[in-house]
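Proteins get letters first, then strands, A, B, ... in listed order; numbering begins at 1 in each.
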Amino acid sequence: MLTMKIQLTVDPDLCIGAASCVTTDPQSFVMNGENKAEVLDHGQAPGGPSYSRTLEVTAEELEGVITAAQSCPTMAVIVTNQETGEQLYP
Amino acid sequence: MEETIVIIGGGIAGVTTAEEVKKHAPHVRVVLIDGEEEPLYSRVLLPHYIKEKIPRAKVFLRTPERYAEQGIERVAGKEVSKIDPARKTVTLNDDTHILYTNLVLATGTAPRPSQGYVLQTLADADAIVEALPKLQEMHIVGGGFMACEFVNIAEKFHLPAKVYVRGGGFWNTILPEEAQQVLAQHLQHHGVRIHAAEEAPTQHPGLFYGTGAPAQCHLAEQAGCASEAGGIKTTEALATTQPHIFAAGDCAAAWQPTLGRHLRVGNWQNALQHGRALGATLGGAPTVATKPTAYATDLLGLSIIFMGDVQRAHATQLHMVRNGEKIQIYYYDDARLIGVVLINDPLARAALLAALGTSYVPT
């Protein structure tokens with residue numbers, strides 16, 4: 001199965017805790033004690049909590065991440081192609 | 001006539017509906033009638049813009065070109081003057097007539113007219129940005145989400161603020177009195193006092209209104225759609241009482257089978273969920289929005305999360321639990337948990353939302 005590497009980031013200054021990303025893709029996002037979304041790697045937090053991670057995702061998983069990013073009312077979720085540097089969303 | 005979906009309303013519910021239809025059925029003609037000239041922007045980001053956390057350009061969620069790229073015909077800056085359900089025609093204020101196969105009302109809400117500043121649109125935000133440097137103080141009328149945002153704005157710009165609330169405290173139709181007192185004390189700690197609504201000035205350069213925004217139902221009523229619970233009455237599938245007319249987002253009061261009533265929900269998640277479900281349905285993949293939605297806000301650093309149905313009038317029992325600074329309020333309809341409010345306890349959200357989700361599974 002073909003995969004790609006993305007950088008998935010939540011900007012905590014923009015995040016208002018709506019948690020739409022968590023609802024849409026709970027494998028990639030979780031709310032923390034400050035009511036901000038943090039990034040998970042396939043449901044795990046290797047190395048501890050983080051607002052930004054490099055993930056290896058399938059095309060289907062990427063679609064889920066983008067859909068979650070699109071669901072954020074403050075565009076706090078940023079998705080970047082790690083290999084090309086292209087910002088995929090927003 | 002080719003199959004045509006006409007959507008009235010260019011907010012998140014309307015745009016999401018349009019995009020989902022196109023995703024499922026690219027051959028269907030989709031016409032989006034948007035009363036505003038500007039492309040879709042996030043109303044949730046307007047306070048960020050006012051508080052100078054982001055530049056104005058960053059509030060936009062779509063570019064003008066993005067609609068056409070998705071095959072959506074956007075009619076900008078026009079209002080609908082009439083719907084003719086018998087002829088399945090929408091008439092614009094410039095006398096243009098558009099035939100529809102199915103019509104979606106995503107007309108949202110509008111603040112009640114007032115003498116002061118409100119915050120619903122980007123134009124409202126621009127007016128506030130222009131006014132703030134000239135103000136000495138803020139007088140905030142209301143006790144809900146908008147009033148909360150205005151309090152935060154006052155703090156950001158170091159403006160003394162007074163809040164005038166009907167019924168005693170913030171969110172008084174939602175929170176028990178004890179919780180309202182907690183918020184009042186928190187505000188007082190930050191130098192913001194709550195006054196009775198009757199004491200509010202009727203004219204003042206720093207007057208801000210957050211007194212609620214009723215659903216915009218006049219077009220629905222003119223078309224003969226029934227209303228319920230303060231919104232346009234719909235089935236679970238968002239169909240109104242008029243054939244081929246649907247409603248989505250803040251204006252819709254959708255049937256909730258596990259609650260046994262219609263419920264109008266005015267938050268981002270609900271509008272998005274409606275748009276996705278209705279767009280899929282109209283695109284040929286029937287989908288029902290079933291998940292309870294949540295909304296979070298921040299009152300001078302205190303996080304408050306509202307999940308499910310948290311209207312006190314809908315609950316037969318409320319149960320409030322305090323654990324130090326953390327508060328959980330449970331709303332029950334007979335034995336069923338229908339809503340939760342969390343104050344300063346965001347980590348409890350996931351488990352409780354899942355519990356609500358369990359309550360919401362259709363039987």
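When heavy atoms are compared at a cutoff of 4.5 Å, B:I305 approaches chain A solely by way of its side chain, counted from C-beta outward. Proximity to chain A is absent for every atom of B:R43, based on heavy atoms less than 4.5 angstrom apart. Contact annotation for A:P90: neither backbone nor side-chain heavy atoms come within less than 4.5 Å of a heavy atom of chain B. Only the backbone of B:F60 comes within less than 4.5 Å of a heavy atom of chain A; no side-chain atom from C-beta onward does. If you measure heavy-atom distances from B:I54 to chain A, the contacts under 4.5 Å come from the side chain alone.
Surrounding CD of A:Q44 are at most 12 heavy atoms belonging to other residues, nucleotides or ligands under 6.0 Å away. The number of heavy atoms from other shown groups lying within 6.0 Å of CD (A:E56) is above 12. Heavy-atom contacts from other residues, nucleotides or ligands closer than 6.0 Å to CD of A:E60 number 12 or fewer. Taking a 6.0 Å sphere around CD of A:Q82, one finds it holds more than 12 heavy atoms contributed by other residues, nucleotides or ligands.
At least one side-chain heavy atom of A:T23 sits under 4.5 Å from a side-chain heavy atom of B:K291. Two residues are said to be in side-chain contact when any heavy atoms from C-beta on lie closer than 4.5 Å; B:Q269 and A:T24 fail this criterion.
Heavy atoms only, all atoms of each residue included: A:M75 and B:K58 are closest at CE-O, 3.1 Å. Between A:G33 and B:P346, the shortest heavy-atom contact is O-CG, 3.0 Å.
Separation of atoms CD (A:E34) and CG (B:D298) is listed at 11.5 Å; rounding is to 0.5 Å. For the atom pair CG of B:L45 and SG of A:C72, the computed distance is 7.5 Å after rounding to the nearest 0.5 Å.
A donor-acceptor pair under 3.5 Å is formed between the side chain of B:S42 and the backbone N or O of A:P73. Distance alone, capped at 3.5 Å, places no donor-acceptor pair between the B:W268 side chain and the A:T74 backbone.
Contacts with chain A were tallied for B:R349, B:H48, B:R276; B:R349 has the most, counting heavy-atom pairs under 4.5 Å.
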Between side-chain atoms of residues 12-21 of chain A and protein atoms elsewhere (two or more places apart, or another chain), which donor-acceptor pairs fall under 3.5 Å?
none

